[in-house]
Amino acid sequence: MFTQTNKKSRQNIAQGTSIALDNGYPTRLNFYKDPPLLEISIEEFEQYALDRMQVLTTLLTAQMRNLTPEQLDRTMNEAIKKYMPMSSNRAQEATQDHQYERRKDHISHFILRLAYSRSQELRSWFLRAECALFRYRFDREVSSEQIRFIVSQNLSWKKVSDDDKRRLASELSASSFKTTQKVQEETYFEVDFEKVTGLVGRRQVYLKGGKAYVPMADQVDLVLDEFKGRLANALEVTGRALPRMDEDDRLMPVLNNINKQYLGREFTTSAIAGEIQAQDVDSLKVHMPPCMEHLHNEMRREKHLKHWGRMQYGLFLKGIGLSLEQALIFWQMAFEKLTPDQFNKQYAYNVRHSYGMEGKRTDYTPYSCRYIIQNNAPGPGDRHGCPFRHFSAPNQRAILAAHDVDDFDTEDIMSLAQGKHYQIACTRYYEVTRARMLGITDNLKGGSIHDGEGNVGMVASQESIEHPNQFFEQSFLLMKSRQSQGESVGPTDGQNGPSETPQPTIKGQYVYKKAGAGAQFSSNSNHDMEM
RNA sequence: GGCGGC
DNA sequence: GCCGCCAACATA
Ligand code: SF4
């Protein structure tokens, strides 16, 4: 395809069947539809591929480390500058470089496509990597360029009419945390929901009858889906054609060497927030469900937690990415009344055991909502359990009040809890409080989320909170994605969003404020077990 | 917290 | 009083 002096490619170029080189790259974005047909030396061939690999791997690992948008940009800019500079159309002096840079981008993509088409595993890695890169570039392109690209590719989706928009206004506003007002101004596309699984997964899109309603702001996802689809197909095709290419003994060794690069690969650190440090836990409190936040607050207040509290909270923390090492530090510091060796004697073993480092070595999963609600009802002095299930009504109200839940929502949640729909109450709590964190203060009421049956939709899905860690992850990712979209984070700000090294929360911010409330929590009356 | 060992 | 060992299970 693109070896050196190859009669065929010369011919093609001559015939003009390939893309014209001079103005072949109007934008930095590229769907890589046609392979480049040109001459290139083996050395260049390999160098191009390796350079692109650098960019792809930096991006993927940077993403996995959950850096702040700023940190991510910084590391990416470094890598891009070094390995694959791509100047924009605005830098007019360098119009010559445009074509060179974009050509390199084009070629290197195709080399890797070849190198990574051999096995399913390689293909899916490459697909992920390229999608990430495409998205990264697209997001950072000015909108005029984005549009130019979309138009040039003849991409278009069905727009939602104003009438339909009015009809769906409340659903749309609920799913996107936007006011109905904003919904009217926004352009929406109606597409098959398979096309935007990303958005669906993040629950940021309204679904109905197999269709997803995607706001203009999330158009990237549509473009990306197109990109992904095409590339996936292309990879399959190349993969099938590859065996017949073995004759080209010049290339195969090089290609195989290239995809070896990827061996520094997949490590399954499932932790959403990355490696969390003991001192970072406080700043992550904003993403925790009420049960865990309560445990945390009480632990800070009493410098202690009883057995089931440690169990419930400790496993939860492990689930959000606190390593064993950090956990030991965390608990040691939390129980500040104890000397280090008192601590080691009484608690260290159990911490290690929970992390699968003692005895049978089981790496225990954090407790699910069902487990917390059904087992180990808290007794006097206990701080664990599910607030919606185990706390007295006044204490429940205090929690809601401490989070600025308004009267309407408070009553709603209270009645759900009293109706024994604990997880639904929690889901509603999630929605209301997250909306507030995003700065949405109105219009998430009545019909929008709360339908007639007393059933609650979890932002565009009909699911509910099933697991404390799900609550956390969902909230964490939601804030992360909103933040990187450059949207302002609302009034309850002051917590710095997810970052590699979160700063401690401003002291007192979320401790139960308004004198009197505190007393309620430290009292031992917060367990009215209903059978 | 439970079980178990000295 | 000293110590070991156990439990859990969402999810895309
Ligand atoms: S429903 Fe689950 S997550 Fe929410 S408070 Fe109860 S236990 Fe915690």
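Throughout, protein chains are lettered first and strands after them, A, B, ... in sequence-line order, and every chain is numbered starting at 1.
- Taking atom CG on A/Leu477 and atom C1' on C/dA10, their separation rounds to 14 Å, with Å as the unit.
- Atom pair A/Met357:CE and C/dA8:P shows a separation of 19 Å (rounding to whole Å applied).
- Side chain of A/Asn350, nearest nucleotide from C/dC5, C/dC6, C/dA8: C/dC6.
- Residue contacts shown for A/Ser354 are absent, as no nucleic acid heavy atom lies under 4.0 Å away.
- Rounding to the nearest 0.5 Å gives a distance of 4.5 Å between CD of A/Gln470 and CD1 of A/Ile465.
- Atom-to-atom, CG of A/Asn375 to C1' of B/G2 comes out at 14 Å; the value is rounded to the nearest Å.
- Here the side chain of A/Tyr364 is nearest to one of C/dA10, C/dA7, C/dG4, namely C/dA7.
- For A/Tyr349 and C/dC5, the shortest distance from a side-chain N or O to OP1 or OP2 is below 4.0 Å.
- Projected onto DNA chain C by closest heavy-atom contact, A/Leu315 and A/Lys345 fall at different nucleotides, the more 5' of which corresponds to A/Lys345.
- A pairwise comparison of heavy atoms in A/Tyr355 and A/Leu322 identifies OH-O, 2.6 Å as the closest pair.
- When each of C/dA8, C/dC6, C/dT11 is scored by its nearest atom to the side-chain atoms of A/Glu466, the top-ranked nucleotide is C/dT11.
- For A/Glu358, the side-chain atoms get nearest to C/dC5 when compared with the rest of C/dC5, C/dA10, C/dC6.
- Ring planes of A/Phe472 and A/Phe316: perpendicular class, angle over 60° (limits at 30 and 60°).
- Between A/Tyr367 and the phosphate of C/dA8, there is no side-chain N or O to OP1/OP2 separation shorter than 4.0 Å.
- Going from atom CG of A/Asn469 over to atom P of C/dA12 covers 15 Å, rounded to whole Å.
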Test ring-ring contact (aromatic ring centres under 6.0 Å, His included) applied to A/Tyr364 and A/His353, step by step: CA-CA 9 Å; A/Tyr364 293 96; A/His353 189 269; 5.7 Å; yes
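- For the P atom pair drawn from C/dA10 and B/G1, the interatomic distance equals 27 Å after rounding to whole Å.
- Between the C1' atom of C/dA10 and the CD1 atom of A/Ile372 lies a distance of 11 Å, rounded to the nearest Å.
- Taking atom CZ on A/Phe476 and atom P on C/dA10, their separation rounds to 23 Å, with Å as the unit.
- For A/Gln470 and C/dA8, the CD to P distance is 20 Å, given to the nearest whole Å.
- Between C/dC6 and A/His353, a contact under 4.0 Å exists linking OP1 or OP2 to a side-chain N or O.
- Taking all atoms of both residues into account, the shortest heavy-atom contact from A/Cys426 to A/Pro290 is SG-CD, 4.3 Å.
- Going from atom NE2 of A/His307 over to atom P of B/G1 covers 8 Å, rounded to whole Å.
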